[in-house]
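Heads up, the thing below is written out as structure tokens.
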Amino acid sequence: MNLYYLAFSPRGLALAQKLAEALGGEAVRCGGPVTLGGWTAEHFAPGAGLVYVGACGIAVRAVAPRLTTKDKDPAVVAVDERGHFAVPLVSGHLGGANELARRIAAACGAVPVVTTATDAGGLFPVDDWARAQGCAIPDPKRIKAFSAAVLAGKTRRIRSDWPIAGTPPAGVELVTGGTPCDAALSFTDPGPGILWMVPRIVMAGIGCRRGVPADKLETALEKALAAAGIPAQAVAAVCTIDRKAHEPGLLELCQTHGWPLRAYTPDQLNRVEGTFTPSAFVARTVGVDNVCERAAVLGAAGGPLLLPKQAGDGVTLALARMAFGPDWKWNR
């Protein structure tokens, strides 16, 4: 999470700087060229944490016009300038505002004022858990029914295609196979009404000719994901060679989906162990015999290829999977 702190007084700025030093991020004071609206607009993006060191009302009025959906809004936390209270206001679970408030509280001695119903009741927050496990939720509207059942004291059944370490929390039962479930951790949509959680553990390795537009890269990726039976929500990052780090089409593709672009040197790619589809032309041109497969595997920390090199229309593409070992923790 990229953290940004906005203060409104000298005391508030001192606290913001203290938090930035402890948790990371950038702290500034409102005034002059730094305006409340401009600062909010600049940093209001998925994956960000906006910390307003001042009154809750200031933060609420600043972000209200920009709110969209809980899976896209950033974490928003208000902290009073004396560091007594840290209040998560927006995206408590999926955006990580509850956890951010707890981290802020630990850093400055504040009380985290967490008001989401499952947290207040000490119950299993499925969306917080999904975020902590690095999962996407393609249809966040399904969270409400799951959480409402938990609040009503009903046991919810979760199926996972990966072993989950530890003991399920109260109110949760781990089921296997074809047993009916209320939520599923899987690459496959479990069906209507079932909460679907997708681990973001797939790396897309891409090589391309100069100037290939984003729409062609998008089409190639869609075909590759479909061939491998992988949903787009499972992609964690796009990986390539360093000479493509500023390729406009790749940058646009990543920006559209909110994926980081990881670029590796030929030397790094050459050191990746495994059996890859070689190309003498590519080796002569960029200094490594294969870009897409090696980049995908390197990005996946040596994980296996899910889909070998696919080539066409100026694009080469491969998919690799990172190791994934979920547990029952939701507070990291």
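Scope of the values below: all heavy atoms of this structure, side chains included, with no hydrogens, waters or symmetry mates. The residues of the chain are indexed from 1 along the displayed sequence.
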With a 3.5 Å distance limit and no angle check, can you tell me whether Glu81 reaches the backbone of Val79 through a side-chain donor-acceptor pair? no
Going by side-chain hydrogen bond (donor to acceptor under 3.5 Å, both in side chains), name the residues that satisfy it together with Glu21, two or more places apart in sequence or in a different chain. none
Gap separating the OG1 atom of Thr240 from the CG atom of Leu269, nearest 0.5 angstrom: 8.0 Å
Apply the test side chain to side chain contact (heavy atoms under 4.5 Å, CB included) to residues Val28 and Leu6: give CA-CA distance (whole Å), side-chain angles for both, the deciding distance (0.1 Å), then the verdict. CA-CA 5 Å; Val28 298; Leu6 182 65; 3.8 Å; yes
Could you give the side-chain donor-acceptor pairs of residues 250-263 under 3.5 Å, partners two or more places apart or in another chain?
residue: Thr256; atom: OG1; partner: Glu252; partner atom: O; Å: 2.9
residue: His257; atom: NE2; partner: Glu218; partner atom: OE1; Å: 3.0
residue: His257; atom: NE2; partner: Glu218; partner atom: OE2; Å: 2.9
residue: Trp259; atom: NE1; partner: Val235; partner atom: O; Å: 3.4

Once you round to the nearest 0.5 Å, how far does NZ of Lys216 lie from SG of Cys208? 11.5 Å
In the structure I gave you, are the side-chain heavy atoms of Pro266 and Val286 within less than 4.5 Å of one another anywhere? no
For Arg131, is there an ion pair with Asp127 - N to carboxylate O distance below 4.0 angstrom? no
Between Arg142 (side chain) and Ile194 (backbone), is there a donor-acceptor pair under 3.5 Å? yes
Identify the two heavy atoms, one from Gly249 and one from Leu217, that lie closest to each other, and give their separation to 0.1 Å. C-CD1, 3.4 Å
Ala97 backbone acceptor or donor facing Ser91 side chain under 3.5 Å: no
Take the angle between the ring planes of Phe124 and Trp330 and call it parallel below 30°, perpendicular above 60°, tilted in between. perpendicular
Distance (rounded to the nearest 0.5 Å) between Arg209 CZ and Asp313 CG: 7.0 Å
For a quick test of reading the model, state the closest non-hydrogen atom pair linking Met1 to Ala75 and the distance between them. CE-CB, 4.1 Å
Counting distance only, does the side-chain N/O of Gln310 pair as donor-acceptor with the main-chain N or O of Leu317 below 3.5 Å? no
Can a donor-acceptor pair be found, under 3.5 Å and without considering hydrogens, that links the side chain of Asn290 to the backbone of Thr277? yes
Would Val272 and Tyr264 count as a side chain to side chain contact (heavy atoms under 4.5 Å, CB included) here? Give the steps. CA-CA 11 Å; Val272 179; Tyr264 305 111; over 6 Å; no
Testing the basics here: between Ala7 and Gly12, what is the closest heavy-atom pair and its distance to 0.1 Å? CB-C, 3.4 Å
Could you pull out every donor-acceptor pair under 3.5 Å between side chains of residues 49-66 and any protein atom, sequence neighbours left out?
residue: Tyr52; atom: OH; partner: Thr40; partner atom: OG1; Å: 2.8

Taking salt bridge (Lys or Arg N to Asp or Glu O under 4.0 Å) as the cut-off, I'd like each qualifying pair that reaches into residues 229-244, sequence neighbours left out, listed once. Lys244-Glu247
Kindly compute the distance separating NE2 (His43) from CG (Leu3), expressed to the nearest 0.5 Å. 11.5 Å
Determine the minimum heavy-atom distance between Met203 and Cys239, stating which atoms define it. SD-SG, 3.9 Å
What one should report as the nearest heavy-atom pair of Phe44 and Leu67 is CZ-CD2, 3.9 Å
Rounded to the nearest 0.5 Å, how far apart are CZ of Arg294 and CG of Asp289? 4.5 Å
Apply side chain to side chain contact (heavy atoms under 4.5 Å, CB included) to residues Gln233 and Ile137 and explain how you reach the verdict. CA-CA 8 Å; Gln233 292 87 351; Ile137 297 181; over 6 Å; no
Return all side-chain donor-acceptor pairs below 3.5 angstrom for residues 179-186, not counting sequence neighbours, or 'none' if the list is empty.
residue: Thr179; atom: OG1; partner: Thr176; partner atom: O; Å: 2.9
residue: Asp182; atom: OD1; partner: Arg156; partner atom: NH1; Å: 3.1
residue: Asp182; atom: OD2; partner: Arg157; partner atom: N; Å: 2.8
residue: Asp182; atom: OD2; partner: Arg157; partner atom: NE; Å: 3.4
residue: Ser186; atom: OG; partner: Asp161; partner atom: OD2; Å: 2.6
residue: Ser186; atom: OG; partner: Thr188; partner atom: N; Å: 2.9
residue: Ser186; atom: OG; partner: Thr188; partner atom: O; Å: 3.4

Verify side chain to side chain contact (heavy atoms under 4.5 Å, CB included) between Leu195 and Ile143, making sure each step is shown before the conclusion. CA-CA 6 Å; Leu195 180 61; Ile143 296 170; 3.9 Å; yes
Can any side-chain N or O of Glu99 pair as donor or acceptor with the backbone N or O of Gly96 at less than 3.5 Å? no
Check Met322 against Ala300 and note the closest heavy-atom contact, atom names and distance. CG-CA, 3.5 Å
Any pair with a residue in residues 147-179 that passes ring pair (Phe, Tyr, Trp, His ring centres under 6.0 Å), sequence neighbours left out, goes on the list, sorted by first then second residue, please. Trp162-Phe187, Trp162-Phe324
